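Scope of the values below: all heavy atoms of this structure, side chains included, with no hydrogens, waters or symmetry mates. Chain identifiers are assigned alphabetically (A, B, ...) following the order of the sequence lines, protein sequences preceding nucleic acid strands; residue numbering begins at 1 within each chain. Please read these numbers as outputs of a predicted model, since none were measured by experiment.
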Amino acid sequence: MEIQDMPQTSITASSMLKDDKFGNNGVEMAVPGSEEEIADILHKANENGKKIAIISGGTKRGYGGLKNDYDILLSLAQYKGVVEHTAGDMTVTVRPGTTIKELQDFLREFDQMASIDPAWPEQATIGGVIAANESGPKRMKYGSARDLVIGLRVAYPDGTVIRTGGKVVKNVAGYDMNKLFIGSMGTLGVITEVTMKLRPVPKCESLVKLFVSKEQLEDLKTFVVQIQDSMIEPASLELVNPALSKKLFNRDVYTLLVAFEDVENSVRYQEKWIEDNKLSGMDMDVSSQTEAQAFWNAFSKVSPNSLTDDEVNSTRAVIKIGSKNLDVFEWLAEAETLQTKNMTIKMHGGLGHGITNAICTGNESEVKQAIERIRSRAEDRKGYAIVKHLPYALRHEIDVWGKKPAYFFLFEGIKKKNDPNNTLNHKRFAGGI
Amino acid sequence: MAKSLAAQLKESAPPCADASPSNYLFKDHPDENKWADCVHCGMCLESCPTYLETGKEQHSPRGRVHLIKSVAEGQISVNEHFADPVFQCLDCRACTTACPADVDVGGLIEEARGQVRKAIPLKGWKGAVSGFFLKGLFPHPDRMRTVSGLLKFYQKSGLQSAVRKTGALKIMPSHLADMEAIMPKVKQPVQKKYKDYKFIPAKGNPKARVAMLTGCIMDVMFSDINESTINVLTHNDNDVVLPKNQTCCGALHVHAGDRDMGRKLAKQNIEAFQEEGKVVVNAAGCGCALKEYPELFKDDPEWKAKAEVFSDKVEDISKYLYDTGYEKPKSTVNKKITYHDACHLAHGQGVRHEPRQLLQDIPGVEYTEMANADTCCGSAGIYNITNPDMAGAVLERKMENVPEEVEMISMGNPGCMLQMALGVQKYGRRSEIVHTVQLLDWAYQKDKENIAANQKAITMKG
Amino acid sequence: MFRSKRKRQTRKDVHVAQLEAIVGPTEILYEREDLLSYDCDGFTVHKAMPKAVVFPKNTEEVAAIVRYCSVHNLPFLARGAGTGLSGGAIPLNGEVIISLGKMRNLLSVDYENRQAVVQPGFVNLKLTNSISNKGYYYAPDPSSQYVCTIGGNVAENAGGAHCLKYGVTTNHILGLEVVLPNGEIIEISEDGIPDSPGYDLMGLLTGSEGTLGIVTKITVRILKNPQGKQTVLAYFDNVEDGSRAVSGIISAGIVPAALEMMDKTAIEGVEAGAYPVGHPDDIEALLLIEVDGIIAGIDEQIDEILTVCKSRNVREVKVAESEEERGKWWANRKTGFGAMGAISPDYLVQDGVIPRSKLPEVLRRIKEISEESGLRIANIFHAGDGNLHPLILFDSRVPGETEKALEAGTACLKACADVGGSITGEHGVGIEKKEEMRFIFTDEELEAQTRIREVFNPDDLLNKGKLFPTPSRCMDVKKVIKDTVAVK
């Protein structure tokens, strides 16, 4: 298949070099156009003791990292495009610099999609999304990167390029090496190609919004349990706190976002199920097809990223909280107690997957305090709180990854075996890896 | 040491010594064709009660097959370490049902046991118990009847309750004491009762003539079930013959590895039923054994042919009734009932649906299916006497599956009935244990009483 | 409790005595006769005797055993039900086998958070049976699910009939407790919380065939039963039309719960087997397609499937009219392997995966292989996920035919690898396909994997000699491959 030429994004890597607010900057910048070039850059840097930071769309510069003076900033933004797509196989192979939107637009021609809905699809690239293991509300139905990626090509720091997994959707030959690189924050190798399994674009989609007063939060929990226990199959059950609801809907209430994606009869049936079963006092609103799509697009932009966060008067932090599914309720309730007049927390969490995002905006010390309190509560609940967006300076004060697990020595061992010279994204990852 | 014993035997030119590496030293050894189909897939594991209990491969069907094959390949000898897993098998045949390749594990086990018993004769307590029941008692109807008389005397005399009160039973091994507590009330054996009958005539126009295996323990300890079987058969227009020369089916002997005695009994039964066209059996274990007689004569073509003719005539009572038609009772038996599949009925003969249908055709019966209804109860012939710990553990697992609310547990095998009765008593349950034909008989009896009562009413009116 | 009082014939060595001290006298086997049952798993070509088999009752005992082995340089491996088809649990190096058969409990079920915690020896199907009264199930359903354990499923990353829509084991594992080869106990994603910070050790461990650690507790995702399901059966006069229909269904935007294909030889087998359906004997391919989900949406999808089939020259297509009919079709399909016994004395099954679109090409190649070898090959194909099971029919009594069958099997895997596929979709590599790993991985790629093993298992005491080709033992490996036979 022909390699697709795609329009370039408006933000070029060079413009990022001027901005130091989020760190992870390099002295020199390399913009390779081929896998060989990438391997070559890595090999030379590795030989010469140079440190490399990897960047692509540039949305995650605020995500971890304690350095701002890497020798080379390796930008994959130009290394993009679809390498192979066979519609009948429902798989696509794509280069890391391709943005999510570019990929989805390409696939839409074939009524197919990569079933992943991370934030900022116009800016975030597939390489970055996979390296950071980013996911969105529809993870409930479709899973996350680890469920979609079936193969990768990866360049190791010594310049060796390997293929992990393959082009087939079912494969148990050898270790599942894809998993090693998903979420590894570019600390083990540079992803040069991604092969994913695809889904058909749903024939019909709709979004049911349930608005629920603060007093009725417990009722909503009962209802969510009822939904989970029914046989309806929502694609998302995302709970939005009043602060975020206010921004999105101008309503100071909790909002439950229930997405349905299926054939039309099924979607209508499920909408009706919600209508018939919701508890009294819950206000329901249905958006269908394009309206729903437009909403999710807007929703994908609720968290700031390092390209958009130009706040100078206040500090912004985005925290990814991992908990048991229904503990999302606890987290949203917690947000109410943590907010102050100088610091707001916009929060949303998936009741089908247990990932909550907290967007804290306000005065620096209160943001820091909120992070610490959230983290300690999360760790009490055997979960975690990763600060996935935070200005560089503050990252030296707060360990964005939280406490090291007991098995941290395995992380160190993996890093050492694969990147013994700490060539790649040094100090970017958990425990200072 | 067992190993050196086997070696000695081999040196002293055993009957089938040849150049093969096989460590089976006697005739009638496990048949290679039976294990050739086993691909070691393991689908049998979870069906095996002893594997579930021990979690150990050698106590699983595929493990046992592997060991049996290993002896033939000369890798191990027939010794105590081989005998243990081979004799821990309950012979429940659940593995045969589970096996995608139809490997006859039960047949292999019995052949292997034959080899073990010849190489290592039983000694001590187990030998005594086994010898007493298997050699001294079951094959001798007259002796069985004497025991029956004694048992009756024991029960009637009040000695039983006296013994129970004094706790004298405690001197017996504890599991024998358990058994004693659930001994059924003994009535008169049907062989004695119908001693002077050529056949017991059908109630209406006879549609068929059937012979009945009265069994050894069955007719002594469960003669009321034999009685019910006769009633149900005659009620459904069958003439019933009780051939006099019949004897114990030999199942327990074959299970215990005494295949020679098994063959002797088989021959006697084949001859006793020679004139009959249909042989109805109400004990699943016996029925299964009769159906498997040809297996015992695999090296004897003449008897094998006779055994094949014979085994084709054998039918479980529930299947016979189901296939030839039976009258649905009109009177109600208002009971909550569940059904336990005797291994040798479900796995051994493939009879599952028929008894359930019989039960559900009785008006008023509230039927509940038991979870894992076809897993062994641990009775397995005299296994509960020889391997009490394992039998107890298997029983415990079984009782966990008996629904709390049932009033009766129905089944088609006397051994199971004793074991399940033990279970009911041991775990403080209230369910009664009944044979499926007993229930049907009771319903028919009620029909009869109702008709009589109606006639009386009509007569009185008139 | 069930230990019989028999005489010991083997003098207990010091290691056995020490291991016995950990698990207790009834939970260790070391006599030759007892060990014999552990000389292989579901792959019977290669056999080796373990040093001992131990039956720990809890994680601490597992850890103590592992620590002991690690300190004393004793090779060891973990075993579940021993149903693996590639020899992953065979003690090649005289290992101490750690049987997890005594750790077979369902520890907890949390319906609200849709997860359950099980011990590794818990049987796959038992999980579904334990939660079905509330309308839940555990999705991965390998055909051995009646007996295989979830611990084994994690080790092999087991698949099942419903992979296409629901994924394989790795997609359903939320948390693991693991005893590392040094005896340390670690807990990954405690409470089943996803995305735990750091490298995805859970993803690496799942499917590592027991070479990275011993899983002692597993948190799995449970799902609500679909509201409805419907099944379609379609007959085709040529394989190409059948495979085009498969692509057509997928391209129509339908995600079937299952999509199975059988070719003419396979149909001949199933019709001669225990569960014949009455398929016509002159068709070249059949498809069995199942759709599940919200009842209101199923008819629409079925209609579309019928349309697609008709546009691909289907000879006959029908929808199951009753649960009984549906059951009959599935029984016919699911007993497919065993049914080959009815038309051939022996068969060898392979487990290749290909991109769906390469199906006609690969089937042509398999036909050539069949002609070259003079052996019939039946094809049973999980068309939905591209997992092909060529069944090579042969008669081991004919001299040379076994070797021919083995060569044909390897050639089929090569054909899959050549179109960008894989040598195993669900059976694993184990001992069986170590050498074929070279069909799909370069030396560098293999080395990248062994580097990971070195991190977890630096002394290579845990399940040594599995999964990766051993260069120095190349000849041995070749021999093993040559001997690879699955007899009926």
Going by distance alone, is a donor N or O of one side chain under 3.5 Å from an acceptor N or O of the other, for A/Lys324 and C/Asn113?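 No, no side-chain donor-acceptor contact under 3.5 Å.
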May I ask you to check whether A/Tyr175 and C/Asn157 show a side-chain donor-acceptor distance below 3.5 Å?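 There is no such pair between these side chains.
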Please classify the contact between [X] and chain A as side chain, backbone, both or neither, with a heavy-atom cut-off of under 4.5 Å.
X: C/Thr170; result: both
X: C/Leu467; result: side chain
X: C/Glu187; result: backbone

Would you mind reporting whether [Y] and [X] have side-chain heavy atoms less than 4.5 Å apart?
X: C/Tyr199; Y: A/Ile433; value: yes
X: C/Val255; Y: A/Arg199; value: yes
X: C/Lys224; Y: A/Gln228; value: no
X: C/Ile254; Y: A/Pro200; value: no

Between [options], which has the largest tally of heavy atom pairs under 4.5 Å with chain C?
options: A/Glu264, A/Lys415, A/Lys179, A/Lys170; result: A/Lys170
options: A/Thr187, A/Leu351, A/Asn178; result: A/Thr187
options: A/Gln270, A/Arg381, A/Lys416, A/Glu412; result: A/Gln270
options: A/Leu180, A/Val172, A/Ile162, A/Asp327; result: A/Val172
options: A/Gly402, A/Gly383, A/Pro202, A/Ser323; result: A/Ser323
options: A/Val267, A/Asp176, A/Leu326; result: A/Leu326

What residues of residues 142-149 of chain A sit under 4.5 Å from chain C when only non-hydrogen atoms are counted?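 Within residues 142-149 of chain A, near chain C: A/Arg146, A/Asp147.
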So for A/Ala406, is it side chain, backbone, both, or neither that comes closer than 4.5 Å to the heavy atoms of chain C?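 When you check distances to chain C, only backbone atoms of A/Ala406 fall under 4.5 Å.
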A/Gln112, part contacting chain C, at a heavy-atom distance under 4.5 Å: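 For A/Gln112, neither part sits under 4.5 Å from chain C.
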Should the pair C/Asp195-A/Lys320 be classified as a salt bridge under the 4.0 Å nitrogen-to-oxygen rule?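 Salt bridge: yes.
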Are C/Glu444 and A/Arg163 ion-paired here, with the side-chain N under 4.0 Å from a carboxylate O?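 No.
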Within this structure, what is the CG-CE distance for the pair C/Asp385 and A/Met90, rounded to the nearest 0.5 Å?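 With rounding to 0.5 Å, CG (C/Asp385) is 13.0 Å from CE (A/Met90).
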Test side-chain contact (heavy atoms from CB on, under 4.5 Å) on A/Tyr407 and C/Phe456 and set out the steps. CA-CA 11 Å; A/Tyr407 46 84; C/Phe456 285 81; over 6 Å; no
For a salt bridge (charged side-chain N to carboxylate O under 4.0 Å, His left out) check, start with the C-alpha distance between C/Glu304 and A/Lys203, then their side-chain angles and the critical distance, and finish with the verdict. CA-CA 12 Å; C/Glu304 198 146 5; A/Lys203 306 220 159 107; 3.3 Å; yes
